[in-house]
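Dropping the structure in here first, questions after.
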Amino acid sequence: MAGPRYRVIAADLAERIRAGEYPPGTALPAQRELSARYDVALATARQALQALIDDGLIVVEAGRGTFVAPARPAYRLDTLRSFVDDLRDQGHQVTTEVVSCSQRAMPAWVAQLWGERTDGTAKALRLERLRLLDGVPAIHQVSWVDQPYAQLVRGVDFTATALYAALADAGMEIASASERIAAATLGEAGAALLHQSADSPVLVSDRVTRTRDGAVGVVDRAVLAGGLMQVRAERTVHQVSVQWGAPPR
(Lines give C-alpha, C1' and ligand atoms only; values in the text may rest on other atoms or scores of the structure.)
Protein backbone atom coordinates (compact mmCIF):
# COMPACT_ATOMS: atom_id res chain seq x y z
CA MET A 1 0.00 0.00 0.00
CA ALA A 2 1.41 3.37 -1.05
CA GLY A 3 1.82 6.42 1.17
CA PRO A 4 2.87 6.91 4.78
CA ARG A 5 1.67 4.08 6.97
CA TYR A 6 -0.41 6.33 9.24
CA ARG A 7 -2.25 7.72 6.21
CA VAL A 8 -3.11 4.20 5.06
CA ILE A 9 -4.45 3.37 8.52
CA ALA A 10 -6.43 6.63 8.69
CA ALA A 11 -7.95 5.94 5.26
CA ASP A 12 -8.97 2.42 6.29
CA LEU A 13 -10.59 3.66 9.51
CA ALA A 14 -12.33 6.48 7.64
CA GLU A 15 -13.79 3.97 5.20
CA ARG A 16 -15.04 1.82 8.08
CA ILE A 17 -16.65 4.89 9.69
CA ARG A 18 -18.39 5.91 6.46
CA ALA A 19 -19.56 2.33 5.87
CA GLY A 20 -21.25 2.30 9.27
CA GLU A 21 -18.97 -0.20 10.99
CA TYR A 22 -18.32 2.53 13.56
CA PRO A 23 -21.57 4.59 13.79
CA PRO A 24 -21.58 8.17 15.13
CA GLY A 25 -20.98 8.28 18.88
CA THR A 26 -19.32 4.87 19.15
CA ALA A 27 -15.83 4.37 20.56
CA LEU A 28 -12.90 3.50 18.34
CA PRO A 29 -10.44 0.82 19.48
CA ALA A 30 -7.77 2.06 21.89
CA GLN A 31 -4.43 3.17 20.50
CA ARG A 32 -2.64 0.04 21.67
CA GLU A 33 -5.28 -2.16 20.04
CA LEU A 34 -4.92 -0.24 16.76
CA SER A 35 -1.14 -0.51 17.01
CA ALA A 36 -1.39 -4.29 17.31
CA ARG A 37 -4.12 -4.64 14.67
CA TYR A 38 -2.13 -2.76 12.01
CA ASP A 39 1.28 -3.97 13.26
CA VAL A 40 2.70 -0.46 13.67
CA ALA A 41 4.33 1.55 16.43
CA LEU A 42 2.09 3.31 18.93
CA ALA A 43 3.22 6.68 17.56
CA THR A 44 2.00 5.69 14.09
CA ALA A 45 -1.43 4.76 15.47
CA ARG A 46 -1.57 8.14 17.20
CA GLN A 47 -0.75 9.89 13.92
CA ALA A 48 -3.57 8.05 12.18
CA LEU A 49 -6.05 9.11 14.84
CA GLN A 50 -4.85 12.70 14.66
CA ALA A 51 -5.46 12.69 10.89
CA LEU A 52 -9.06 11.59 11.53
CA ILE A 53 -9.46 14.32 14.15
CA ASP A 54 -8.17 16.91 11.66
CA ASP A 55 -10.73 15.66 9.12
CA GLY A 56 -13.53 16.01 11.68
CA LEU A 57 -14.39 12.30 11.64
CA ILE A 58 -13.57 11.57 15.28
CA VAL A 59 -13.35 13.43 18.58
CA VAL A 60 -11.40 12.84 21.78
CA GLU A 61 -13.18 12.97 25.11
CA ALA A 62 -10.77 13.43 28.00
CA GLY A 63 -10.70 10.41 30.27
CA ARG A 64 -13.09 8.43 28.08
CA GLY A 65 -11.44 7.74 24.75
CA THR A 66 -11.86 8.41 21.03
CA PHE A 67 -15.32 8.48 19.48
CA VAL A 68 -16.81 8.81 16.01
CA ALA A 69 -18.07 12.37 15.58
CA PRO A 70 -21.84 12.87 15.51
CA ALA A 71 -23.55 13.38 12.16
CA ARG A 72 -23.05 17.01 11.22
CA PRO A 73 -25.91 19.16 9.97
CA ALA A 74 -24.99 21.22 6.94
CA TYR A 75 -26.49 24.19 5.16
CA ARG A 76 -25.53 24.40 1.50
CA LEU A 77 -24.51 27.84 0.34
CA ASP A 78 -24.46 26.87 -3.31
CA THR A 79 -28.26 26.51 -3.61
CA LEU A 80 -31.32 28.69 -3.01
CA ARG A 81 -32.66 26.33 -0.37
CA SER A 82 -33.28 27.57 3.17
CA PHE A 83 -31.46 26.69 6.40
CA VAL A 84 -34.48 24.71 7.56
CA ASP A 85 -34.94 22.67 4.36
CA ASP A 86 -31.34 21.49 4.34
CA LEU A 87 -31.16 20.68 8.03
CA ARG A 88 -34.47 18.82 8.08
CA ASP A 89 -33.43 16.76 5.06
CA GLN A 90 -30.48 15.55 7.13
CA GLY A 91 -32.81 14.26 9.83
CA HIS A 92 -32.48 17.12 12.31
CA GLN A 93 -35.44 18.56 14.14
CA VAL A 94 -35.64 22.28 13.37
CA THR A 95 -38.26 24.42 15.06
CA THR A 96 -38.94 28.11 14.56
CA GLU A 97 -39.95 30.69 17.13
CA VAL A 98 -41.19 34.03 15.81
CA VAL A 99 -39.75 36.81 17.95
CA SER A 100 -41.51 39.63 16.07
CA CYS A 101 -43.19 40.38 12.74
CA SER A 102 -44.12 43.97 11.98
CA GLN A 103 -43.60 46.94 9.70
CA ARG A 104 -40.40 48.71 10.80
CA ALA A 105 -38.04 51.41 9.64
CA MET A 106 -35.22 49.85 7.62
CA PRO A 107 -31.66 50.20 8.90
CA ALA A 108 -29.53 52.20 6.50
CA TRP A 109 -27.67 49.16 5.10
CA VAL A 110 -30.97 47.46 4.19
CA ALA A 111 -32.57 50.59 2.73
CA GLN A 112 -29.50 51.14 0.58
CA LEU A 113 -29.87 47.69 -0.99
CA TRP A 114 -33.39 48.59 -2.08
CA GLY A 115 -32.36 52.05 -3.19
CA GLU A 116 -34.62 53.53 -0.51
CA ARG A 117 -34.03 56.53 1.71
CA THR A 118 -31.42 55.81 4.36
CA ASP A 119 -32.66 58.40 6.85
CA GLY A 120 -34.77 55.89 8.78
CA THR A 121 -38.10 56.81 7.19
CA ALA A 122 -38.31 53.93 4.67
CA LYS A 123 -40.23 50.96 6.07
CA ALA A 124 -40.49 47.24 5.29
CA LEU A 125 -41.71 44.06 6.93
CA ARG A 126 -39.21 42.90 9.54
CA LEU A 127 -39.48 39.21 10.46
CA GLU A 128 -37.35 38.10 13.40
CA ARG A 129 -37.03 34.37 14.11
CA LEU A 130 -35.10 32.02 16.37
CA ARG A 131 -34.16 28.64 14.94
CA LEU A 132 -33.73 25.72 17.34
CA LEU A 133 -31.65 22.80 16.10
CA ASP A 134 -32.64 19.62 17.93
CA GLY A 135 -34.05 21.79 20.69
CA VAL A 136 -30.98 24.03 21.06
CA PRO A 137 -31.11 27.73 20.02
CA ALA A 138 -28.71 27.91 17.06
CA ILE A 139 -29.70 30.67 14.62
CA HIS A 140 -31.08 34.17 15.17
CA GLN A 141 -32.43 35.42 11.85
CA VAL A 142 -33.89 38.76 10.79
CA SER A 143 -35.47 39.03 7.33
CA TRP A 144 -36.68 42.16 5.55
CA VAL A 145 -39.37 42.12 2.84
CA ASP A 146 -40.49 45.24 0.97
CA GLN A 147 -43.84 46.00 -0.63
CA PRO A 148 -45.93 44.70 -2.29
CA TYR A 149 -44.97 41.32 -0.84
CA ALA A 150 -44.67 42.59 2.72
CA GLN A 151 -48.42 43.13 2.95
CA LEU A 152 -49.20 39.83 1.23
CA VAL A 153 -47.27 37.67 3.71
CA ARG A 154 -47.67 39.66 6.91
CA GLY A 155 -50.44 37.42 8.28
CA VAL A 156 -48.63 34.11 7.64
CA ASP A 157 -47.83 31.81 10.57
CA PHE A 158 -44.06 31.63 10.18
CA THR A 159 -43.67 28.99 12.87
CA ALA A 160 -45.24 26.55 10.41
CA THR A 161 -44.58 28.15 6.99
CA ALA A 162 -41.21 29.07 5.53
CA LEU A 163 -40.80 32.68 4.43
CA TYR A 164 -39.70 31.72 0.92
CA ALA A 165 -42.66 29.37 0.52
CA ALA A 166 -45.01 32.17 1.56
CA LEU A 167 -43.37 34.57 -0.87
CA ALA A 168 -43.63 32.03 -3.69
CA ASP A 169 -47.35 31.67 -2.94
CA ALA A 170 -47.61 35.45 -3.08
CA GLY A 171 -46.09 35.46 -6.57
CA MET A 172 -42.41 36.25 -5.94
CA GLU A 173 -40.15 34.43 -8.42
CA ILE A 174 -36.69 34.05 -6.91
CA ALA A 175 -33.79 33.76 -9.33
CA SER A 176 -30.55 34.28 -7.40
CA ALA A 177 -28.96 35.09 -4.07
CA SER A 178 -25.63 36.40 -2.85
CA GLU A 179 -24.30 35.61 0.61
CA ARG A 180 -21.46 37.05 2.67
CA ILE A 181 -20.18 35.40 5.84
CA ALA A 182 -18.12 37.06 8.56
CA ALA A 183 -16.92 36.11 12.02
CA ALA A 184 -18.06 38.24 14.95
CA THR A 185 -18.98 38.15 18.62
CA LEU A 186 -22.57 37.71 19.68
CA GLY A 187 -23.21 40.95 21.55
CA GLU A 188 -25.81 41.76 24.17
CA ALA A 189 -28.80 41.81 21.79
CA GLY A 190 -28.55 38.16 20.78
CA ALA A 191 -27.08 36.70 23.98
CA ALA A 192 -30.40 36.03 25.68
CA LEU A 193 -31.97 34.52 22.56
CA LEU A 194 -29.12 32.10 21.84
CA HIS A 195 -28.52 31.36 25.54
CA GLN A 196 -24.86 32.27 25.28
CA SER A 197 -22.59 34.96 26.65
CA ALA A 198 -22.28 38.26 24.77
CA ASP A 199 -18.63 37.57 23.89
CA SER A 200 -19.37 34.17 22.30
CA PRO A 201 -18.05 33.69 18.74
CA VAL A 202 -20.66 33.67 15.98
CA LEU A 203 -20.86 33.56 12.20
CA VAL A 204 -22.92 36.31 10.58
CA SER A 205 -24.50 35.54 7.22
CA ASP A 206 -25.88 38.43 5.14
CA ARG A 207 -27.94 37.17 2.23
CA VAL A 208 -29.58 39.22 -0.52
CA THR A 209 -32.14 37.34 -2.61
CA ARG A 210 -33.17 38.72 -6.00
CA THR A 211 -36.16 38.11 -8.23
CA ARG A 212 -36.10 37.27 -11.94
CA ASP A 213 -36.11 40.94 -12.90
CA GLY A 214 -33.02 41.57 -10.74
CA ALA A 215 -34.87 43.40 -7.98
CA VAL A 216 -34.09 42.74 -4.32
CA GLY A 217 -36.74 40.42 -2.88
CA VAL A 218 -35.49 39.57 0.61
CA VAL A 219 -32.63 40.79 2.78
CA ASP A 220 -31.58 38.35 5.51
CA ARG A 221 -29.13 38.56 8.37
CA ALA A 222 -28.58 35.31 10.27
CA VAL A 223 -26.40 35.03 13.36
CA LEU A 224 -25.23 31.44 13.86
CA ALA A 225 -23.85 30.21 17.17
CA GLY A 226 -20.16 29.55 16.57
CA GLY A 227 -20.08 26.48 18.80
CA LEU A 228 -22.91 24.83 16.88
CA MET A 229 -22.16 25.63 13.24
CA GLN A 230 -19.13 25.69 10.97
CA VAL A 231 -18.37 26.25 7.29
CA ARG A 232 -17.20 23.21 5.34
CA ALA A 233 -16.01 23.18 1.72
CA GLU A 234 -15.90 20.15 -0.57
CA ARG A 235 -14.00 20.56 -3.81
CA THR A 236 -14.01 18.56 -7.02
CA VAL A 237 -12.49 19.26 -10.41
CA HIS A 238 -15.69 20.89 -11.64
CA GLN A 239 -17.25 22.63 -8.66
CA VAL A 240 -16.98 23.82 -5.08
CA SER A 241 -19.73 23.00 -2.61
CA VAL A 242 -19.74 25.08 0.58
CA GLN A 243 -21.85 23.97 3.53
CA TRP A 244 -22.74 24.99 7.05
CA GLY A 245 -22.13 22.17 9.49
CA ALA A 246 -21.85 21.48 13.20
CA PRO A 247 -18.32 20.99 14.52
CA PRO A 248 -17.44 17.66 16.08
CA ARG A 249 -18.15 17.41 19.80
Side-chain angles (χ1 to χ4, degrees), residues 54-57 69-90 92 94-97 99 106-114 124 126-134 136-146 158 162-164 167 174-211 214-236 238-249:
D54 293 342
D55 288 340
L57 290 176
R72 292 179 283 179
Y75 163 58
R76 296 181 63 91
L77 299 180
D78 60 341
T79 73
L80 291 175
R81 290 164 57 85
S82 69
F83 289 108
V84 173
D85 288 339
D86 278 330
L87 295 173
R88 282 179 177 159
D89 281 354
Q90 296 168 62
H92 295 278
V94 183
T95 53
T96 298
E97 295 180 3
V99 179
M106 300 182 200
W109 70 275
V110 174
Q112 188 174 32
L113 289 169
W114 262 300
R126 180 184 184 274
L127 172 61
E128 182 178 7
R129 291 162 291 174
L130 181 65
R131 312 289 198 173
L132 283 75
L133 178 60
D134 299 324
V136 179
I139 303 169
H140 176 217
Q141 186 174 8
V142 175
S143 303
W144 294 87
V145 181
D146 204 359
F158 289 110
L163 173 59
Y164 286 94
L167 290 170
I174 293 172
S176 64
S178 59
E179 192 161 10
R180 182 176 63 87
I181 304 164
T185 52
L186 182 55
E188 296 291 345
L193 285 170
L194 290 178
H195 298 177
Q196 298 195 25
S197 61
D199 60 354
S200 297
V202 294
L203 293 170
V204 179
S205 164
D206 287 330
R207 178 168 171 164
V208 179
T209 302
R210 297 183 180 275
T211 58
V216 174
V218 184
V219 178
D220 282 300
R221 171 163 288 178
V223 177
L224 303 103
L228 298 175
M229 304 291 283
Q230 69 179 0
V231 178
R232 183 173 73 248
E234 297 179 1
R235 295 175 172 85
T236 68
H238 302 292
Q239 66 179 5
V240 176
S241 174
V242 184
Q243 299 178 325
W244 289 111
R249 298 183 181 179

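Every value quoted in this text rests on a predicted model; they were computed, and no experiment measured them.
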Once rounded to the nearest 0.5 Å, what's the spacing between atom CG of Leu167 and atom OG1 of Thr211?
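It is 11.0 Å, given to the nearest 0.5 Å.
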
Name of the residue among Leu163, Val219, Ile174, Val216 meeting side chain to side chain contact (heavy atoms under 4.5 Å, CB included) with Thr209
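Considering Leu163, Val219, Ile174, Val216, a side chain to side chain contact (heavy atoms under 4.5 Å, CB included) with Thr209 is found only for Ile174.
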
Search all heavy atoms of Glu128 against all heavy atoms of Leu193 and return the closest pair with its distance.
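Looking at all heavy atoms of both residues, the closest pair is OE2-CD1, 3.9 Å.
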
State, to 0.1 Å, how close Ala191 and Ser197 come at their nearest heavy-atom pair, and which atoms those are.
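Distance-wise, the nearest heavy atoms are CB-C, 4.2 Å.
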
Can you confirm whether Val223 sits close enough to Leu186 that some side-chain heavy atom of one is under 4.5 Å from a side-chain heavy atom of the other?
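Counting from C-beta outward, Val223 and Leu186 do come under 4.5 Å.
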
Leu224 CG to Leu203 CG distance, which is reported to the nearest 0.5 Å:
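Taking CG in Leu224 and CG in Leu203, the distance rounds to 6.0 Å.
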
Side chain to side chain contact (heavy atoms under 4.5 Å, CB included) with Arg131: which of Gln141, Glu97, His140?
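Checked Gln141, Glu97, His140 against Arg131; only one passes side chain to side chain contact (heavy atoms under 4.5 Å, CB included): Gln141.
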
If you compare all heavy atoms of Asp146 against all heavy atoms of Ala124, which two are closest, and at what distance to 0.1 Å?
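Smallest heavy-atom distance, with atoms named: CA-CB, 4.1 Å.
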
Reported CG-to-OG1 distance for the pair Leu130 and Thr95, which is rounded to 0.5 angstrom:
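Answer for the CG-OG1 pair, Leu130 versus Thr95, is 8.0 Å.
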
Output all residues satisfying side chain to side chain donor-acceptor pair (under 3.5 Å) with Arg221, sequence neighbours left out; order by chain, then residue number.
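With sequence neighbours excluded, Arg221 shows a side chain to side chain donor-acceptor pair (under 3.5 Å) to Asp206, given in chain and number order.
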
When rounded to the nearest 0.5 angstrom, what is the spacing between OG1 in Thr185 and CD in Gln196?
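The CD atom of Gln196 is 12.0 Å from OG1 of Thr185, to the nearest 0.5 Å.
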
Which value, rounded to the nearest 0.5 Å, describes the distance between Arg207 atom CZ and Ile181 atom CD1?
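Going from CZ on Arg207 over to CD1 on Ile181, the span is 10.5 Å.
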
Can you name the nearest heavy-atom pair linking Pro107 to Trp144, along with the distance?
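That would be CD-CZ2, 3.2 Å.
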
Nearest non-hydrogen partners of Ser143 and Val218, listed with the distance
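Heavy atoms of Ser143 and Val218 come nearest at CB-CG1, 4.3 Å.
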
